[in-house]
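Residue indices begin at 1 and follow the sequence shown.
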Amino acid sequence: MLRPVTAQELKATTVLGMAIDEASAKIRSGPPEDEPGDYDLPIWAGVIPVETRVRPPVDDPRNHPGLKPPGHVTGFCLG
């Protein structure tokens, strides 16, 4: 169950649709592959690992006491 949307929320919301005919991405695995001479320089090289993961839901502290997340929320978090 959701509360009704307010006029201010509707005013602040934009939905954008667009067709994507082509896309590209650059991916790789492993360490950087710099030019051999670059390794003579005192410059750091490396990788910053980034990951996205779903963690358990965190209740709003202002929820009604004893209120638990609905199944679609807890199920989403379990994968």
Side-chain angles (χ1 to χ4, degrees):
M1 177 190 288
L2 299 173
R3 65 166 173 74
V5 105
T6 67
Q8 182 63 29
E9 288 169 332
L10 286 176
K11 184 178 175 184
T13 302
T14 300
V15 177
L16 173 65
M18 71 174 85
I20 300 176
D21 297 323
E22 293 183 34
S24 66
K26 181 178 178 182
I27 61 171
R28 66 167 183 77
S29 61
E33 295 180 17
D34 290 327
E35 296 294 323
D38 290 348
Y39 290 103
D40 294 332
L41 302 171
I43 299 172
W44 181 85
V47 176
I48 300 173
V50 176
E51 65 182 51
T52 301
R53 62 184 173 148
V54 176
R55 312 249 345 231
V58 177
D59 295 334
D60 184 328
R62 296 174 291 177
N63 279 350
H64 288 267
L67 193 61
K68 299 294 180 197
H72 68 275
V73 171
T74 55
F76 178 83
C77 297
L78 296 176

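When every heavy atom of Thr13 is checked against every heavy atom of Glu9, the shortest pair comes out as OG1-O, 2.6 Å. Heavy-atom minimum distance, Val5 versus Leu10: CG1-CG, 3.4 Å.
Think of Leu16 as one node in a network of Ile, Leu, Val, Met, Phe, Trp and Tyr side chains linked at under 4.5 Å; its network also takes in Met18, Ile20.
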Identify every side-chain donor-acceptor pair in residues 31-38 under 3.5 Å, counting partners at least two apart or on other chains, and give the distances.
none

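Asp60 has its side chain within reach of Asn63: a pair of non-hydrogen atoms, C-beta onward, lies under 4.5 Å apart.
Side-chain atoms of Arg28 come within 3.5 Å of backbone atoms of Gly30 as a donor-acceptor pair (strictly under, hydrogens ignored).
Atoms NZ and CG, from Lys68 and Asp59 in turn, are 6.5 Å apart once rounded to the nearest 0.5 Å.
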